[in-house]
Amino acid sequence: MKTREHVAKLIFMFCALTAVAALFVIIFFIFSRGMPAIFEVGIGGFLSGRVWRPLQGEFGIFTFIFTSLVTTIVAFIVGSRIGLWCAIYLAMFCPRKIYRPLKTMVELLGGIPSVLYGFFGVVVIVPFIRNAFGGPGNSMLAAMIILSIMILPTIINLSEAAIRAVPSFYYEGALALGATKTEAVFDVVVPAAKSGVNASYILGVGRAIGETMAVIMVIGNSPHMPESVLSPARTMTAAIALEMSYATGLHQNMLFAIGVVLFTIVIVLNLILTIRRH
């Protein structure tokens, strides 16, 4: 019996170390290709430059950084509010008769491939923006809408689980002290689930800033600084995906450098949300 437990522990440890090792291998691979390229071009010009012309040796990605951050932040603000309120409804207010159908639809929303979200954006959202607001339709606004929808399942499922994990006596005690159901939920239960809700936010932000296919299909992929949310733009992930197939030499290394910046931004955003989580 002891031997079996010892073997099981070794297997579990191996699995954990494999996951950690995979992370460090990815980091090493990206940074070993990207950092020398950044120093070769110059950190200042690389991060603050607004012109991306690889054939002319111009590698400014400020436009890509700006677009990625704005679309992610707006999508997160919208998606996190809708997702949290939906989770609260499912966990605390939803009648049993309709809970299972609603829960199933949320789970199905999370299983839709990103390319199908892109098709939906191209067929529905882009024409709507073009007809309602003018412009080409392929724009930052279209990407914001798509991303806010795509992060909903992650936020809803994890937030609902966190709310349901709050001990029932929190809610019952609030009611016993005279609070209404709404007050007990929003003033007691939801704050108690803050850690789990913020964990859902972390994963939601990670998906939003890292999404590629759906964004490529709706954002217009212009390397120029967008004049408004109705203008075409290009994110960092889109720049890497669009050009990696034919890039060579320094151009290819600069795409790895974009990956370095993207990875750093994701780490910073995760640290901010993690600090807030605790």
Side-chain angles (χ1 to χ4, degrees), residues 23-75 114-115 117-119 121-122 126 129 135-144 146-147 150 205-269:
L23 173 63
F24 281 103
V25 169
I26 292 172
I27 293 174
F28 173 79
F29 179 70
I30 295 175
F31 277 74
S32 64
R33 293 287 299 275
M35 291 304 297
I38 292 176
F39 289 121
E40 181 177 346
V41 173
I43 297 177
F46 176 63
L47 296 178
S48 62
R50 300 191 179 191
V51 179
W52 177 261
R53 293 174 184 162
L55 296 180
Q56 285 74 41
E58 298 180 272
F59 298 99
I61 66 165
F62 178 80
T63 300
F64 303 159
I65 296 174
F66 173 81
T67 302
S68 297
L69 289 178
V70 171
T71 53
T72 298
I73 291 172
V74 174
S114 59
V115 68
Y117 281 105
F119 276 129
V122 170
V126 169
I129 294 175
N138 295 89
S139 59
M140 289 179 62
L141 180 58
M144 293 171 185
I146 282 293
L147 289 177
M150 293 182 71
V205 167
R207 176 162 194 190
I209 198 170
E211 178 55 41
T212 306
M213 181 55 68
V215 173
I216 287 177
M217 296 175 70
V218 302
I219 202 170
N221 302 308
S222 170
H224 305 294
M225 176 66 72
E227 297 179 357
S228 69
V229 294
L230 299 178
S231 302
R234 182 182 294 183
T235 62
M236 288 185 286
T237 54
I240 296 172
L242 289 171
E243 301 183 16
M244 183 58 75
S245 61
Y246 62 86
T248 58
L250 180 60
H251 182 193
Q252 186 180 74
N253 290 335
M254 293 311 298
L255 296 179
F256 280 97
I258 295 177
V260 171
V261 176
L262 179 62
F263 185 86
T264 303
I265 291 175
V266 170
I267 293 297
V268 171
L269 290 176

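Just the heavy atoms: all of them, side chains too, but no hydrogens, waters or symmetry mates, feed the values below. Since the model is a prediction, treat every value here as computed from it, not as a measurement.
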Once rounded to the nearest 0.5 Å, what's the spacing between atom [atom1] of [X] and atom [atom2] of [Y]?
X      : Y      : atom1 : atom2 : result
Ile265 : Leu69  : CD1   : CG    : 4.5 Å
Leu269 : Thr264 : CG    : OG1   : 11.0 Å
His224 : Arg50  : NE2   : CZ    : 13.5 Å
Ile73  : Leu147 : CD1   : CG    : 12.5 Å
Ile219 : Thr67  : CD1   : OG1   : 6.0 Å
Ile30  : Leu262 : CD1   : CG    : 8.5 Å

Which atom of [X] lies closest to which atom of [Y], heavy atoms considered:
X      : Y      : result
Ala239 : Phe64  : CB-CE1, 3.8 Å
Pro232 : Pro136 : CG-CG, 3.8 Å
Leu255 : Ala247 : CD1-CB, 3.7 Å
Ser139 : Val229 : CB-O, 3.4 Å
Met217 : Val122 : O-CG2, 3.3 Å
Val260 : Met35  : CG1-SD, 3.8 Å

Under 3.5 Å donor-acceptor, [X] side chain and [Y] backbone:
X      : Y      : answer
Thr237 : Gly210 : no
Asn221 : Ile216 : yes
Thr71  : Ala143 : no

Given side chains that start at C-beta, do those of [X] and [Y] come closer than 4.5 Å, heavy atoms only?
X      : Y      : value
Val215 : Ile146 : no
His251 : Leu55  : no
Leu250 : Phe59  : yes
Pro54  : Met254 : no
Thr63  : Pro226 : yes
Thr72  : Glu211 : no
Trp52  : Ile258 : yes

Where does the angle between the aromatic ring planes of Phe31 and Phe263 fall among parallel (under 30°), tilted (30 to 60°) and perpendicular (over 60°)?
perpendicular
Can you tell me if CE on Met213 sees more than 12 non-hydrogen neighbours from other groups inside 6.0 Å?
no
For Glu227, look at atom CD and say whether over 12 heavy atoms of other residues, nucleotides or ligands are found less than 6.0 Å away.
no
When you check the side-chain N and O atoms of Arg33 and Asn253, is any donor under 3.5 Å from an acceptor?
yes
